[in-house]
**Student:** 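Got a structure for you, written out below as structure tokens; questions coming shortly.
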Amino acid sequence: MALSAEEVRHVAMLARLALSDDEVEALAPQLSDILAYADQVGEVAAEDVPATTHPYPLRNVFRADDARPSWPREDILAGAPEVEQDRFAVPRIVAEEG
Amino acid sequence: MPTTLRDGWELVVGLEVHVELNTNTKMWCGCATDFGGEPNTRVCPVCTGQPGALPVVNGVAVESAARLGLALNCSVVEDCRFHRKNYFYPDMPKNYQISQYDVPLCSDGFLEVEVEGEEVRVGIERLHMEEDTGKSMHMGDTGRLHGADRSLIDYNRAGIPLLEIVSHPDIRDPETAQAYLRELQGIVQTLGVSDARMEEGSIRCDANVSVRRPGEELGTRREIKNLNSIRSLGRAIAYEAEDQIATLEDGGTIVMETRHWDEEAGVTSTLRRKETVADYRYFPDPDLVEVHAAPEWVEALRQTLPELPAASRKRLADAGIPDAQATTIVGSGMIGWYDHAAASGADPRVVANWLAGEVTGQIAAAGLDPASSGLTGAHVAELVTLIDEGRLSNKLAKDVLDGVIESRGAKLPSQVASERGLEQVSDEGELRAIVDRVVADNPDVVEKIKGGADKAIGALVGQVMQATKGQANPGLANQLLRDAIDER
């Protein structure tokens, strides 16, 4: 399937990427090629082949509900762009997510 | 009366309820979950999504989810997985929330609630497992979301196990929505999987509200957030119904959007246009393996479910307890106390009367709730037994209860009674002397009683009670007074 320039812009917006018009034009066919490549899987996938999320024959790997030490706060906050009142300070949030 | 709409309109509501589980640790990592830690002290590489960190599912959370699903009459699917829901919002440090998408752990259940004496069944579409987000503080001029110039984030809550329970749009009035949320809260608390306190945010509710002409297709819905109490839920739905109908009748249209309820102003306002599901780009989380719920495991969980609130209320009704008392006792989690006291031989109706009345009142007056009051079934059983045996009058029992609650349950009622000198005087010799004096002092009243004015004896009992500072056994005082009068 071929991606339109508009679809590329939408995907770029979702990924918070600022693309120039030239980049959109260059990426549209490239992304289309990637999708076509992935589509090849559909040629061999059949009803009797269950969807797999990963290659390991594992399920029900559970963790006991026992607390373990967290990271020291300085280490966690070391990666924050800005710290205020021991919290991550970020540009104002426009809308509530849930 | 249920809220009525303008003629010719029908309200359609579905609820999304989030329940924060009370596990010791987060959903995918061993960070502690207890309330009130210093900001960003319960955070690790897993819950902040550091490269290479490996999440592992909390087994207790899965069990809690399945138990709640079963209690809501859902089927538990045999195989399910987790998905990443991608979005850019700083409340999740990973830029995605791990949730469930195509196959939730539980689906197709229902909850029956009673509204104005009528049973209403609300279908439950799904119950899935996910994780909570961090807490944001919005700083700036107004201190509120709009007008804030920066937000401060604490990730302690990010990653705490969360269940989302989505109802079908089966609700037709605000009262049913409130009853549904209240009943769900009671079930969650009975199962013990969450404190389910709205004021602390451990149970939260969003409402999808639309209106239509009866018989027509579903109208466009708006999602209402920031409903912090059962009262807010009812008010916000009633407001939305009126606002949507007015908009449509004026020739306007409803757009799909998320709205914010302002409790003080009593209105909702636009927060944002809803993103489409595709925008979240859900995909299976490659770090997490599938969950397989073996039918035997599910069956074992079903067998060990406790009695649910509806069944408890029915049992109390069958024992002759008035509905309002049963609702209070079950709703505030005192059913265990009731059972303990009733099993110890106390009269169930007296127990219920005390629990729903004085016990509830005193606990609330002390700013506590049943769980934090320190009371147990043993305290209640002993208190009611002391009353039954005539060792405490109702009035003295209230003082004793006060002492027990003051000690947060450290003292038993008998201990408080003897410490405060509140035990009822049931000693005949001691009482008889007082009775004789009261009879001698009131010849006119005695004459009246002898003349057939039986009720006048109350005045004499009152005097005996006064003389004993309320500690006389009223029944015994009454009997002794009658004996003394007859002898005259």
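Model, not experiment: these values are computed from the prediction. Each chain gets a letter, A, B and so on, in the order the sequences are listed, and its residues count up from 1.
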**Student:** List for me each residue that meets salt bridge (Lys or Arg N to Asp or Glu O under 4.0 Å) alongside B:Arg157, sequence neighbours excluded, and say none if there are none.
**Tutor:**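 B:Arg157 satisfies salt bridge (Lys or Arg N to Asp or Glu O under 4.0 Å) with B:Asp132 once adjacent residues are dropped.
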**Student:** Only pairs at least two apart or in different chains count here, so list each salt bridge (Lys or Arg N to Asp or Glu O under 4.0 Å) that has a residue in residues 290-301 of chain B.
**Tutor:**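 As it turns out, the salt bridge (Lys or Arg N to Asp or Glu O under 4.0 Å) pairs with a partner in residues 290-301 of chain B, which skip direct neighbours, are B:Arg81-B:Glu290, B:Glu299-B:Arg302.
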**Student:** Can you tell which part of B:Val46 gets under 4.5 Å to a heavy atom of chain A, answering side chain, backbone, both or neither?
**Tutor:**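 Neither part.
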**Student:** Considering non-hydrogen atoms only, spot the tightest contact between A:Leu14 and B:Phe88 and give its length.
**Tutor:**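 Taking every non-hydrogen atom into account, O-CE1, 2.9 Å.
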**Student:** Measuring only between side-chain heavy atoms, which start at C-beta, is B:Val291 closer than 4.5 Å to A:Arg59?
**Tutor:**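 Heavy-atom side-chain distance check fails, nothing below 4.5 Å.
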**Student:** Which bit of B:Met92 is near chain A, if near means a heavy-atom gap under 4.5 Å: side chain, backbone, both or neither?
**Tutor:**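 When you check distances to chain A, no heavy atom of B:Met92 falls under 4.5 Å.
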**Student:** Looking just at side-chain N and O atoms, do A:Asp65 and B:Thr25 make a donor-acceptor pair shorter than 3.5 Å?
**Tutor:**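 Per modelled atom types, A:Asp65 and B:Thr25 side chains form a pair under 3.5 Å.
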**Student:** What's the shortest heavy-atom distance between A:Arg92 and B:Ser151, and which atoms?
**Tutor:**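 Shortest heavy-atom contact: CA-OG, 3.8 Å.
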**Student:** Heavy-atom distance under 4.5 Å to chain A: side chain of B:Cys29, backbone, both or neither?
**Tutor:**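 Only the backbone of B:Cys29 comes within 4.5 Å of chain A.
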**Student:** Could you tell me which portion of B:Phe283 (side chain, backbone, both or neither) has an atom closer than 4.5 angstrom to a non-hydrogen atom of chain A?
**Tutor:**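 For B:Phe283, no heavy atom lies under 4.5 Å from chain A.
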**Student:** Side chain from CB out, backbone as N, CA, C, O: work out which of these in B:Lys135 comes under 4.5 Å of a heavy atom of chain A, or both, or neither.
**Tutor:**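 Contact with chain A is absent: no heavy atom of B:Lys135 under 4.5 Å.
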**Student:** So, taking the atom named CG in B:Asp279 and the one named CE in A:Met13, what distance separates them when rounded to the nearest 0.5 Å?
**Tutor:**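 Going from CG on B:Asp279 over to CE on A:Met13, the span is 6.0 Å.
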**Student:** Side chain, backbone, both or neither: which part of B:Arg204 has a heavy atom under 4.5 Å from chain A?
**Tutor:**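 Contact with chain A is absent: no heavy atom of B:Arg204 under 4.5 Å.
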**Student:** I need the B:Tyr155 OH to A:Arg87 CZ distance, nearest 0.5 Å.
**Tutor:**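 Between B:Tyr155 OH and A:Arg87 CZ, I get 12.5 Å after rounding to 0.5 Å.
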**Student:** Determine whether B:Arg150 and A:Glu84 make a side-chain contact, defined as any pair of heavy atoms from C-beta on separated by less than 4.5 Å.
**Tutor:**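 Yes. Closest side-chain heavy atoms under 4.5 Å.
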**Student:** Check whether more than 12 heavy atoms from other residues, nucleotides or ligands sit under 6.0 Å from atom CD of A:Glu25, and answer yes or no.
**Tutor:**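 Atom CD in A:Glu25 is not crowded, with 12 or fewer foreign heavy atoms closer than 6.0 Å.
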**Student:** So does A:Gln85 have more than 12 non-hydrogen atoms from other groups sitting under 6.0 Å from CD?
**Tutor:**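 Counting neighbours around CD of A:Gln85, more than 12 heavy atoms of other residues, nucleotides or ligands fall under 6.0 Å, so yes.
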**Student:** With a 4.5 Å cut-off on heavy-atom pairs, point out which of B:Asn226, B:Val60, B:Asn58 contacts chain A the most.
**Tutor:**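 Looking at each option in turn, the highest pair count goes to B:Asn58.
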**Student:** Any side-chain heavy-atom pair from A:Asn60 and B:Val289 closer than 4.5 angstrom?
**Tutor:**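 In short, these two side chains do not touch, never coming nearer than 4.5 Å.
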**Student:** Please tabulate, for the side chains in residues 67-74 of chain A, all donor-acceptor contacts under 3.5 angstrom to protein atoms that are two or more places apart in sequence or on a different chain.
**Tutor:**
residue : atom : partner : partner atom : Å
A:Arg73 : NH1  : B:Pro39 : O            : 2.6
A:Arg73 : NH2  : A:Asp86 : OD2          : 3.3

**Student:** Is B:Thr48 in contact with chain A via its backbone, its side chain, both, or neither, using a 4.5 Å heavy-atom distance?
**Tutor:**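 The side chain, not the backbone.
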**Student:** So which residues of residues 75-82 of chain A are in contact with chain B at a heavy-atom cut-off of under 4.5 Å?
**Tutor:**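 A:Ile76, A:Leu77 fall under the 4.5 Å cut-off.
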